[in-house]
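Worksheet: one structure, shown below.
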Amino acid sequence: MLTRRPSDILPSEITPKSVFLNRREFMAGAAGSLLLAGEAAAALKGNPSPLSTKDSPNSLKEITTYNNYYEFGTDKSDPAENAGALKTRPWTIVVEGEAGKARTYSIDDLLKVAALEERIYRLRCVEGWSMVIPWVGIPLASLLKQVEPTSKAKFVSFETLKDPKQMPGQQSRVLEWPYREGLRIDEAMHPLTILAVGLYGEVLPNQNGAPVRLVVPWKYGFKSIKSIVKIRLQETQPATSWNLSAPNEYGFYSNVNPSVDHPRWSQAKERRIGDILKRPTLPFNGYGEQVAGLYKGMDLRKFF
Ligand SMILES: Nc1nc2c(c(=O)[nH]1)N[C@H]1C(S)=C(S)[C@@H](COP(=O)(O)O)O[C@H]1N2
Ligand SMILES: [Mo]
């Protein structure tokens with residue numbers, strides 16, 4: 001029999017949403033600013049975005065129990081079991097580097113950068129599965145514009161929290177820590193790229209990268225870095241965790257591409273979690289119309 005520890009059960013499963021948010025905000029209040037429950041609830045309800053896919057979303061249970069988050073273990077079930085204890089408030093994100101107005105944001109500051117939007121996106125993992133997730137977030141471009149990138153800002157690098165006490169997976173050398181990712185500036189500024197702070201209209205569950213994670217829907221899932229503490233505008237292409245660990249398997253671009261195989265398996269098909277049969281994988285994960293232009297003239301076999 002499968003039993004769940006209390007920390008595995010989402011507060012939203014046992015408590016009405018308003019009470020759940022009230023308690024979350026009350027606990028946050030003990031450490032920082034106290035928000036009214038009503039304000040917090042409204043803050044996470046995103047306006048529906050025209051950029052959403054029409055595919056029907058996976059269930060909250062699927063989205064929160066089948067995860068990749070190596071800081072909390074390498075099995076798909078590990079993050080749901082182990083990430084609950086991560087302290088996500090107070091939390092700050094440094095936005096620095098080639099920026100006229102570099103600054104540090106608290107999560108509450110971040111929620112004020114732009115109106116929240118609900119974006120239903122397909123997420124394609126390099127291991128051959130996919131999910132459809134109703135994120136709540138803000139366009140990354142809104143945040144970057146606020147810090148005023150200089151003309152030298154050609155790339156953006158991202159870092160996850162490094163705290164082996166709270167993130168036991170970091171005590172193993174399975175990856176170089178902290179988890180690192182990067183985008184070219186035009187990819188980072190693209191309207192499809194978001195910083196997610198919630199899903200299904202609620203606070204982001206820890207296993208999905210609370211309190212804030214990147215979502216880049218035309219790239220393999222590992223680009224969508226969780227629990228971000230640092231964003232850096234820079235002139236040179238950043239090092240990324242998966243590229244450092246296996247450069248022949250994971251390139252910098254990592255665009256979903258059914259015609260470029262991973263060295264150990266084909267990327268032509270994927271299994272949507274919950275389905276039995278596989279479906280063909282689409283170039284750029286189905287977002288080609290919006291993003292193919294970013295890569296015009298590039299050999300995507302070389303820049304994989
Ligand atoms: N910090 C961090 N971010 C991460 C990962 C990770 O191990 N650590 N895994 C990545 C991978 S491989 C995938 S497929 C997605 C999974 O996101 P999800 O669990 O919310 O579906 O998170 C990405 N972000
Ligand atoms: Mo992944």
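The shown structure was predicted, so the numbers you read here are calculated from the model rather than taken from an experiment. We count ligands from 1, going down the list as the structure has it; atoms in each ligand are counted the same way.
Looking only at protein heavy atoms, the nearest one to atom 24 (N) of ligand 1 is S224 O, 2.9 Å. Of all protein heavy atoms, the one closest to atom 17 (O) of ligand 1 is R213 NH2, 3.1 Å. From the protein, the heavy atom lying nearest to atom 3 (N) of ligand 1 is K226 N, 3.1 Å. Looking only at heavy atoms of the protein, atom 9 (N) of ligand 1 is closest to N68 O, 3.3 Å. The closest protein non-hydrogen atom to atom 21 (O) of ligand 1 is L123 CD2, 3.8 Å. Remark: minimum distance from atom 15 (C) of ligand 1 to any protein heavy atom is reached at G221 O, 3.5 Å.
Using a 4.0 Å cutoff on heavy atoms, E127 does not count as a contact of ligand 1.
A donor-acceptor pair is defined here as one N or O able to donate and one able to accept, closer than 3.5 Å; such a pair exists between the side chain of W91 and the backbone of I228. Judged by distance alone, the side chain of R213 and the main-chain N or O of S224 form a donor-acceptor pair under 3.5 Å.
At a threshold of 4.5 Å between non-hydrogen side-chain atoms, the residues Y69 and S227 count as touching. Side-chain contact check for L144 versus I231: some heavy-atom pair is nearer than 4.5 Å.
Judged by the 6.0 Å and 45° rule, R184 forms no cation-pi pair with F252.
Below 30°, between 30° and 60°, or above 60°: for Y253 and F303 the angle between ring planes is above 60°, a perpendicular geometry. Using cut-offs of 30° and 60° for the angle between ring planes, the H262 and W265 rings count as parallel.
For E159, there are no side chain to side chain donor-acceptor pair (under 3.5 Å) partners, not counting sequence neighbours.
Using a 4.0 Å cut-off to heavy atoms of T160, the atoms of ligand 1 that qualify are 1 (N). The I225 neighbourhood of ligand 1 comprises atoms 3 (N), 24 (N), with distances under 4.0 Å to a heavy atom of that residue. Below 4.0 Å from some heavy atom of Y70 lie the following atoms of ligand 1, by number and element: 6 (C), 7 (O). Set against the non-hydrogen atoms of N208, the atoms of ligand 1 under 4.0 Å away are 18 (P), 20 (O). Ligand 1 places these atoms under 4.0 Å from at least one heavy atom of C125: 14 (S).
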Donor-acceptor pairs under 3.5 Å, side chain of residues 129-140 to any protein atom, not counting sequence neighbours: which ones?
| from | atom 1 | to | atom 2 | distance (Å) |
| --- | --- | --- | --- | --- |
| S130 | OG | E270 | OE2 | 2.8 |
| S130 | OG | R272 | NE | 2.9 |

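The N/O atoms of E71, backbone and side chain alike, include one that comes under 3.5 Å of an N/O atom in ligand 1. Considering backbone and side-chain N/O of Y66, none are found under 3.5 Å from N/O of ligand 1. Ligand 1 has no nitrogen or oxygen under 3.5 angstrom from a nitrogen or oxygen of W129.
Heavy atoms of Y179 found under 4.0 angstrom from ligand 1 belong exclusively to the side chain.
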Test salt bridge (Lys or Arg N to Asp or Glu O under 4.0 Å) applied to D109 and R103, step by step: CA-CA 11 Å; D109 294 338; R103 68 175 264 210; 3.6 Å; yes
